Enquirer: 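Structure in structure tokens, see below.
Numbered from 1 within each chain, the chains take letters A, B, ... in sequence-line order. Just so it is clear, the structure is predicted and the values come from calculations on it, not from any experiment.
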Number of protein chains: 2
Amino acid sequence: MRLTTKGRYAVTAMLDLALHAERGPISLADISKRQDISLSYLEQLFSRLRQSGLVSSVRGPGGGYRLARANADICVAEIIDAVNESVDATSCGGNSDCSAGEQCLTHYLWTDLSRQIHGFLNGISLADMVERADVQEVARRQDGRAASDALDQVVEQKVAIIGGLQ
Amino acid sequence: MRLTTKGRYAVTAMLDLALHAERGPISLADISKRQDISLSYLEQLFSRLRQSGLVSSVRGPGGGYRLARANADICVAEIIDAVNESVDATSCGGNSDCSAGEQCLTHYLWTDLSRQIHGFLNGISLADMVERADVQEVARRQDGRAASDALDQVVEQKVAIIGGLQ
DNA sequence: AAATACCCGACTGGTTTACTCGGCTATATA
DNA sequence: TATATAGCCGAGTAAACCAGTCGGGTATTT
């Protein structure tokens with residue numbers, strides 16, 4: 001079992017997608033800025049998310065990614081699974097051949113733990129997360145920062161143009 | 001968050017200790033054979049388990065390891081923690097500085113998950129496991145195999161001695 | 001004296017993570 | 001039609017970690 005930045009990034013990016021769904025396709029560059037995740041790394045993750053049928057893509061200017069299903073139909077467990085991070089806590093993958101071909105002493109413990117974790121992550125959908133007050137608050141903060149950053153960039157560009165004219 | 005062979009070995013070895021406690025100190029060589037775990041690797045794990053005060057050691061022939069506390073006072077979470085595998089699912093360790101110094105979108109999700117896992121593994125003691133029927137069955141099988149292996153070894157030694165006499 | 005068994009540090013091959021880089025293709029807009 | 005946008009793809013890489021080996025200790029019993 002493993003849960004690293006990879007799986008966390010994937011869930012965060014998918015939630016970002018869900019939060020901004022009404023804007024149409026969302027570019028990875030936007031997600032990269034808002035969530036502070038490397039763009040190239042996001043590309044790799046979305047390659048897998050697309051292969052797993054969780055998102056669909058639109059190419060060209062104005063393009064980006066969209067959720068392939070409804071918010072409520074995508075759960076956290078699926079997302080983590082899509083980027084190849086297993087939530088299974090057993091070493092044998094449930095085959096009971098963990099110790100010299102036979103079931104190990106602690107087999108049932110890891111099976112129970114896996115069930116526990118899977119149950120928890122399976123029970124939480126993107127829709128559930130979008131509705132949460134704390135998520136909405138963080139999203140508002142991030143959107144605000146993104147907007148002011150965009151403004152800064154416009155100002156910077158104009159200054160550069162003026163500089164060029166002189 | 002990470003749960004690998006390391007943590008699983010540690011829990012398995014501790015349970016083995018609990019199951020054979022009445023025999024006095026248990027040598028790592030015994031655990032190694034019964035549980036099919038590399039002896040040198042077990043030594044590394046027990047170094048940590050001893051530092052964490054979960055086991056005490058007896059040196060010299062007939063020596064080995066003993067649980068430092070009662071079965072019921074040692075829970076799985078502690079053991080995993082002792083060998084440095086964290087059950088924490090957040091990237092920030094609960095500091096809420098996960099995304100550019102601020103709380104990330106999915107912070108609460110990983111906090112909840114951590115609580116969930118920790119609660120589960122904290123609620124299971126070695127005593128709980130020892131009492132389980134499936135654990136007892138596996139233990140019986142392992143003890144039987146260990147006994148027959150020991151017998152095989154004695155026979156082998158005697159054959160070697162006879163061979164030497166000829 | 002010899003055997004047992006804990007103790008300790010160093011080292012190693014393999015895998016994974018979390019990236020970067022360079023170049024490609026599809027599409028919208030000027 | 002040119003250009004910019006943005007998805008797509010493969011290769012490469014430093015660092016970390018896992019699982020294990022090896023060699024040499026030291027304490028204790030027989």
Enquirer: Within a 6.0 Å radius of atom CD on A:Glu43, are there more than 12 heavy atoms belonging to other residues, nucleotides or ligands?
Expert: yes
Enquirer: What is the distance, to the nearest angstrom, from the CG atom on B:Leu49 to the P atom on C:dC8?
Expert: 14 Å
Enquirer: Phosphate oxygens OP1/OP2 of C:dT15: is one of them under 4.0 Å from a side-chain N or O of A:Arg2?
Expert: no
Enquirer: Rounded to the nearest angstrom, tell me the gap between atom NZ in B:Lys33 and atom C1' in C:dT4.
Expert: 12 Å
Enquirer: Nearest whole Å is fine: how far is C:dA5 C1' from B:Ile26 CD1?
Expert: 13 Å
Enquirer: So, A:Thr111 and A:Thr90: side-chain donor and acceptor under 3.5 Å apart, yes or no?
Expert: no
Enquirer: In whole angstrom, give the distance that lies between atom CG of B:Leu3 and atom C1' of D:dC18.
Expert: 13 Å
Enquirer: Measure the distance from CD on B:Glu85 to P on D:dC17 and round it to the nearest whole Å.
Expert: 11 Å
Enquirer: Could B:Asp112 and B:Arg115 be called an ion pair, given the rule that one side-chain N must be under 4.0 Å from one carboxylate O?
Expert: yes
Enquirer: Expressed as a whole number of angstroms, how long is the span from B:Arg48:CZ to C:dC8:P?
Expert: 13 Å
Enquirer: Tabulate protein N/O versus nucleotide N/O from nucleotides 19-23 of chain C, keeping only pairs under 3.5 Å, one per line.
Expert:
unit_1: C:dC19; atom_1: OP2; unit_2: A:Tyr9; atom_2: OH; d: 2.9
unit_1: C:dC19; atom_1: N4; unit_2: A:Gln44; atom_2: OE1; d: 3.3
unit_1: C:dC19; atom_1: N4; unit_2: A:Gln44; atom_2: NE2; d: 2.8
unit_1: C:dT20; atom_1: OP2; unit_2: A:Ser38; atom_2: OG; d: 2.7
unit_1: C:dT20; atom_1: O4; unit_2: A:Gln44; atom_2: NE2; d: 2.9

Enquirer: Return no unless some side-chain N or O of B:Ser27 is found under 4.0 Å from OP1 or OP2 of C:dT4.
Expert: no
Enquirer: Check this one for me: any side-chain N or O of A:Lys6 less than 4.0 Å away from OP1 or OP2 of C:dA18?
Expert: no
Enquirer: Between P on D:dC18 and CG on B:Leu42, what's the gap in Å once rounded to a whole number?
Expert: 16 Å
Enquirer: May I ask you to evaluate whether B:Ser57 reaches the phosphate of C:dC7, defined as a side-chain N or O under 4.0 Å from OP1 or OP2?
Expert: yes
Enquirer: So, does A:Arg50 get its side chain near the phosphate of D:dC9, meaning an N or O under 4.0 Å from OP1 or OP2?
Expert: yes
Enquirer: Figure out the CZ/P separation between A:Arg66 and D:dA6, and round it to whole Å.
Expert: 14 Å
Enquirer: Checking all strands, does A:Gln51 fall into the base, sugar-phosphate, or nothing category for heavy-atom contacts under 4.0 angstrom?
Expert: nothing
Enquirer: Parallel under 30°, tilted from 30 to 60°, perpendicular over 60°: which one fits the rings of A:Tyr41 and A:Tyr9?
Expert: perpendicular
Enquirer: Identify the residue among A:Ile80, A:Val87, A:Leu121 that makes a side-chain contact (heavy atoms from CB on, under 4.5 Å) with A:Leu3.
Expert: A:Ile80
Enquirer: Using a 4.0 Å heavy-atom cut-off, does B:Leu45 contact any base of the nucleic acid, only the sugar-phosphate backbone, or nothing at all?
Expert: nothing
Enquirer: Going by number, which of residues 58-65 of chain A have a non-hydrogen atom under 4.0 Å from DNA chain D?
Expert: A:Val58, A:Arg59, A:Gly60, A:Pro61, A:Gly62, A:Gly63, A:Gly64, A:Tyr65
Enquirer: Between B:Glu85 and B:Thr4, is there a side-chain donor-acceptor contact under 3.5 Å, judged purely by atom types and distance?
Expert: yes
